[in-house]
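Written out below as structure tokens is the structure these notes cover.
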Amino acid sequence: MIPPRSVRARLTLWYSAVLAVVLISFSAISYVLLSRHIRALTDESLAGTAKEFIAAFEDPEPAGGIDRGEPMRLDFRYSNRAILVFRTDGRLLLGPAADQIPAGAQAVLGEAVRSRKSGYLTLPGGVESDGYRVFIAPFGAVGKRYAVAAIRSLQEQTETLEFASRSIWVGIPLSMLIASAGGYLLARKSLAPVMVMTRQARRIGADRLSERVAVNNPDDELGFLGTTLNSLLARLEASFSAQRRFMADASHELRTPLAILRGETDVALTRDRPASEYRQTLEVMQRTIRKLSSIVSDLFLLSRSDLGEYPVRKSRFYLDELVEKSVESFRTLAMHRQQQLTFHSQGETIVNMDEELIGRLVSNLIDNAIKYTPHGGRIEVTLQPHGDRFCLTVRDSGGGIPPDAQSRIFERFFRANRLRGANDTSPPPVGAGLGLPIASWIAGAHGGRLWLESSGENGSLFVAEIPTGIPD
Ligand code: ADP
């Protein structure tokens, strides 16, 4: 069977099916219990009648006795049952009018008495073939043995049970019909807010992410759904606007070097120039192209890392050697800026990491320390193992980062502007504001963390704590 597509219909169907099972089981159990009870009542009343009769005849004996040799009319009348008294040889001694008992019953009962049967019997017959129920009990009077049979038609009992079963057969479908209609309306009413939310959510596109679905009661399940939907929309909105900002910042970053390239070539091509001027132009172009390609490669790394696609290729290597090499590669630049660049490491540190990425993290931090520290300053790099992690610190004696900018330095394209030392005559440091976000991502991708420990007038201290990737 193909399940109905609407939840309302499915709910109603389930509800009706469960209700049907409950109603049918309940009715079946009730019917069985009722019929047992009615049978037990019939049996009890027959046994009661027989016992009353026996009590009446046993003591005292009625004048003249009951056994006068001929069957006698017995007017021990009940409206719905009759009494028959048999001798032990099966001959009827006392009995009702012939029309009060089924044809042939007398012979069957006589036979039962003769074969010393007692207790309950069911006989066929009756107006609508409902049958008869009989209770046979032996008794003694004036030294002789007899048996009394109390007989009753089962018509009344059958009628009661038929009435009960008719009520069940009419009642079940009727209550199912009413309950299903009620269930459908209830499901419709309960699911109405979902329909409203669906319509609202459908209208919300990428350009309308600031809209939210209406939540009537935030404490119920549907309210919870609405709140969850809204928080999803809020996250989407934040991520969309971050993407847009990223795109805008990235194009802005690319515009400056492209404008320089265009300007340089335009100027160079206005007229013929001596070779030295062309050389100068080419040198500017080379620097600009390097910067451009570094920005593009940073952007590529960040966008791939956002998609979770940047591969982290781990291998074993000596981290102290890598940091030392990185420090050495900055030695000339530091000397050029008359800065003191030192590296301290506590022995060998073997790690299992992406060597290229970790190298990039180290060089981004040292590059910043050199860039943002005035001439004659000091830069100290240290590496300390701490169990299954290591701690890399880069301390400089630069002017620090303004307090209000400190929380934002790990944001993409963020650059804190700060006046550098008065006697610093080098050109202002240029960066795209991507170095720290990339370094922070690298630390995170290795299960570690990079943070700014302190920054002030006396310089800044950056700390990276990362698991070595090698079990203890
Ligand atoms: P950039 O390419 O501009 O250096 P980063 O993401 O590496 O970008 O750094 C972001 C900003 O944080 C820098 O523009 C700078 O203002 C500040 N900053 C980073 N490192 C230092 C440092 N060692 N000393 C002072 N300021 C720093």
Side-chain angles (χ1 to χ4, degrees), residues 242 245-246 248-257 260 287-288 290-303 305-306 323 326-327 329-330 333-334 337 339-343 357-382 392-424 426-445 449-464:
R245 218 176 35 241
F246 184 64
D249 288 343
S251 27
H252 180 79
E253 264 332 295
L254 294 175
R255 252 194 1 222
T256 317
I260 294 173
R287 270 202 307 278
T288 315
R290 276 200 188 128
K291 179 166 163 62
L292 206 54
S293 65
S294 127
I295 294 176
V296 170
S297 97
D298 284 355
L299 286 176
F300 188 54
L301 182 146
L302 282 173
S303 52
S305 70
D306 281 350
V323 181
S326 185
V327 169
S329 68
F330 282 99
L333 182 63
R337 291 172 62 84
Q339 289 166 334
Q340 193 188 338
L341 175 62
T342 58
F343 171 53
L357 288 179
I358 293 294
R360 197 153 176 182
L361 178 149
V362 177
S363 61
N364 280 5
L365 291 180
I366 302 176
D367 182 46
N368 276 353
I370 291 179
K371 253 190 325 197
Y372 300 110
T373 300
H375 281 215
R378 228 175 36 255
I379 292 117
E380 287 169 22
V381 181
T382 69
L392 174 84
T393 67
V394 178
R395 184 193 293 278
D396 63 56
S397 62
I401 303 162
D404 53 338
Q406 288 179 11
S407 59
R408 301 192 54 198
I409 52 172
F410 292 100
E411 285 175 21
R412 292 170 187 186
F413 299 106
F414 181 79
R415 277 167 294 196
N417 296 321
R418 184 167 174 109
L419 288 176
R420 293 170 316 133
N423 48 3
D424 188 357
S426 62
V430 273
L434 294 175
L436 286 180
I438 287 178
S440 168
W441 171 76
I442 294 171
R449 207 159 68 85
L450 166 68
W451 69 95
L452 173 68
E453 178 69 31
S454 63
S455 187
E457 295 288 315
N458 299 326
S460 309
L461 171 63
F462 281 90
V463 181

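Indexing begins at 1, ligand by ligand and atom by atom, following the structure's order. Heads up: numbering here begins at 1 and tracks the sequence.
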Ligand 1 atoms in contact with Lys371 (distance to a heavy atom under 4.0 Å):
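Those atoms are 1 (P), 2 (O), 4 (O).
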Would you mind listing which atoms of ligand 1 come within a distance below 4.0 Å of any non-hydrogen atom of Gly435?
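So the answer, numbered in order with elements, is 5 (P), 6 (O), 7 (O), 8 (O).
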Contact partition for [X] relative to ligand 1, non-hydrogen atoms under 4.0 Å:
{"X": "Leu434", "value": "backbone"}
{"X": "Ser460", "value": "side chain"}
{"X": "Ala432", "value": "backbone"}
{"X": "Phe462", "value": "side chain"}

Could an N or O of ligand 1 be found under 3.5 Å from any N or O of [X], whether backbone or side chain?
{"X": "Pro437", "result": "no"}
{"X": "Arg415", "result": "no"}
{"X": "Gly400", "result": "no"}

Rounded to the nearest 0.5 Å, what separates atom CG in Leu254 from atom NZ in Lys291?
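Atom-to-atom, Leu254:CG and Lys291:NZ are 9.5 Å apart.
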To the nearest 0.5 Å, what is the distance between NE2 on His375 and CD on Gln339?
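If we round to the nearest 0.5 Å, His375:NE2 and Gln339:CD are 7.0 Å apart.
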Selected option - heavy-atom contact closest to [atom], from [options]:
{"atom": "atom 2 (O) of ligand 1", "options": "Pro402, Ala369, Gly433", "answer": "Gly433"}
{"atom": "atom 26 (N) of ligand 1", "options": "Ile295, Ile401, Ile370", "answer": "Ile401"}
{"atom": "atom 12 (O) of ligand 1", "options": "Asn364, Asp367, Ile438, Ile409", "answer": "Ile409"}

Report yes if some heavy atom in the side chain of Ile401 is under 4.5 Å from a heavy atom in the side chain of Tyr372; otherwise report no.
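Side chain of Ile401 against side chain of Tyr372, heavy atoms only: no contact under 4.5 Å found.
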Suppose we screen for side-chain hydrogen bond (donor to acceptor under 3.5 Å, both in side chains). Which residues come up paired with Arg412, at least two apart in sequence or across chains?
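Arg412 satisfies side-chain hydrogen bond (donor to acceptor under 3.5 Å, both in side chains) with Asp306 once adjacent residues are dropped.
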Do Thr373 and Ser397 have side-chain atoms, one donor and one acceptor, less than 3.5 Å apart?
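There is no such pair (donor and acceptor under 3.5 Å, judged by atom type) between the side chains of Thr373 and Ser397.
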Qualifying residues under ring pair (Phe, Tyr, Trp, His ring centres under 6.0 Å), relative to Phe246, sequence neighbours excluded:
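Result, ring pair (Phe, Tyr, Trp, His ring centres under 6.0 Å) vs Phe246: Phe413.
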Starting from the C-alpha separation in whole Å, work towards a yes-or-no answer on salt bridge (Lys or Arg N to Asp or Glu O under 4.0 Å) for Lys371 and Asp396.
CA-CA 10 Å; Lys371 253 190 325 197; Asp396 63 56; over 6 Å; no
Using every non-hydrogen atom in the two residues, find where Leu341 and Ala334 come nearest and quote the distance to one decimal.
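The pair with the smallest heavy-atom distance is CB-CB, 4.0 Å.
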